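Below is one structure; the comments refer to it alone.
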Amino acid sequence: MKIATWNVNSLKVRQQHVIDWLAESHVDVLCLQELKLPDEKFPRAELEAHGYRSWFAGQKTYNGVGILVRGNLFVDEATVVRNIPAFDDPQQRVIALTIDGVRIVSAYFPNGQAPGTDKFAYKLAWLNALHDWLADELTRYPKLALLGDYNIAPDDRDVHDPKAWEGQNLVSPEERAQFERLIGLGFVDAFRQFEQPEKTFTWWDYRMFAFRRNAGLRIDHILLSPALAPHCTSCTVDKAPRKWEQPSDHAPVVAELALSA
DNA sequence: ATGGCGAATGCTATTCGA
């Protein structure tokens, strides 16, 4: 099973990119973030015409998450969950579903703006709620993959200029401690299971030629539960779509899972 | 220290993202 995550920064603008990338990547599951459209505007039929069914939780303007699943895979409708159940939140940031016993979670972590702000406090509260919910989910679904835009660069290796970024939003000790709390649940960072090129990132600012200079961060991740991690045979960042016309500022991350039936 | 870019919106200016 090939799974992936991609923050598309508006599905309306990036619809054709998603369709083109699905056609060339042949992923089985694609988790999307920042749909930026209400559910009635979701291009369900267009994606279905290209062989993918959709589950999503959207809202106007901001946030919004989805999961695209190839037509031949069985999704148990009863397992679909939107948002963190115990965390009342108008912002649509989480959707989960189960495919053949594999729990797939698509998550758009809060940005946080800057340490000390209200938005940062919300980010930490959201992370606490996510942690507690996932601890519970793992008891029900030992095979669980958490894919998404984490808005956290977990290590200095994940930052183009660690000195310039020190203590800032996305790399602060509080955020990294929250990432480590997820690791404490047994999760494995799929990307770091394999040898990787240095300075591999998943996001580059639109400004100041950041992509051309590879001035990026690795903030999009695939965490795999202890029962799932041993099945992972590869994890890579696909930079190609970031070079396309009118790109998202994020690149997709892909992991392959070798699962026997 | 600021802005740069891009998307969305009661749109010709503002907010947010990261």
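Every chain is numbered from 1 and lettered A, B, ... according to where its sequence line falls, protein lines coming before strand lines. The analysis underlying the following values was restricted to heavy atoms, covering all of them including side chains, and did not include hydrogens, waters or symmetry mates. Given the structure is predicted, the values throughout are model-derived calculations rather than measurements.
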For nucleotides 13-15 of chain B, tabulate all protein N/O to nucleotide N/O atom pairs closer than 3.5 Å, reporting atom names and distance.
none

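Note on A:Asn63: nothing from the nucleic acid sits closer than 4.0 angstrom, heavy atoms only.
Regarding contacts with the backbone of B:dA7, a side-chain N or O of A:Gln246 is found under 4.0 angstrom from either OP1 or OP2. Applying the 4.0 Å criterion to OP1 and OP2 of B:dA8, one finds that A:Ser10 has a side-chain N or O inside that range. Contact annotation: A:His250 side-chain N/O to B:dA18 OP1/OP2 distance is under 4.0 Å. Remark: A:Asn9 is not in phosphate contact with B:dA7, judged by side-chain N or O atoms under 4.0 Å from OP1 or OP2. Side-chain nitrogen and oxygen atoms of A:Tyr108 include none within less than 4.0 Å of the OP1 or OP2 phosphate oxygen of B:dC16. Within the structure, a side-chain polar atom (N or O) of A:Asn7 is placed less than 4.0 Å from OP1 or OP2 of B:dA18.
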In a table with atom names and distances, give each donor-acceptor pair under 3.5 Å that connects a side chain of residues 109-116 of chain A to protein atoms at least two apart or in another chain.
from     : atom 1 : to       : atom 2 : distance (Å)
A:Asn111 : OD1    : A:Gln113 : N      : 2.7
A:Asn111 : OD1    : A:Asn169 : ND2    : 3.3

Validation: residues 60-72 of chain A side-chain donor-acceptor distances under 3.5 Å, sequence neighbours left out:
from    : atom 1 : to      : atom 2 : distance (Å)
A:Asn63 : OD1    : A:Arg93 : NH2    : 3.3
A:Asn63 : ND2    : A:Gln59 : OE1    : 3.3
A:Arg70 : NH1    : A:His26 : O      : 3.1

Side chains of residues 124-132 of chain A: which donor-acceptor partners sit under 3.5 Å, not counting sequence neighbours?
from     : atom 1 : to       : atom 2 : distance (Å)
A:Asn128 : OD1    : A:Gln178 : NE2    : 3.3
A:Asn128 : OD1    : A:Arg181 : NH1    : 2.7
A:Asn128 : ND2    : A:Leu124 : O      : 3.4
A:His131 : ND1    : A:Arg181 : NH2    : 3.3

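A tilted orientation is assigned to the rings of A:Trp203 and A:His250, their planes being inclined by 30° to 60°.
Under the salt bridge (charged side-chain N to carboxylate O under 4.0 Å, His left out) criterion, A:Asp100 pairs with no residue, sequence neighbours left out.
A straight line from CG of A:Asp249 to P of B:dA7 spans 9 Å, rounded to a whole angstrom. As a whole-Å value, the separation of A:Lys36 NZ from B:dA8 C1' is 7 Å.
Between A:Glu137 and A:Arg103, the closest side-chain pair of non-hydrogen atoms falls below 4.5 Å.
The base of B:dA18 has none of its N or O atoms less than 3.5 Å from a complementary donor or acceptor on the side chain of A:Asn169.
For the segment residues 201-215 of chain A, residues with any heavy atom less than 4.0 angstrom from an atom of DNA chain B are, sorted by number, A:Trp203, A:Tyr206, A:Arg207, A:Met208.
If A:Asn151 and A:Pro247 are placed on DNA chain B by their nearest nucleotide, the residue sitting closer to the 5' end is A:Pro247.
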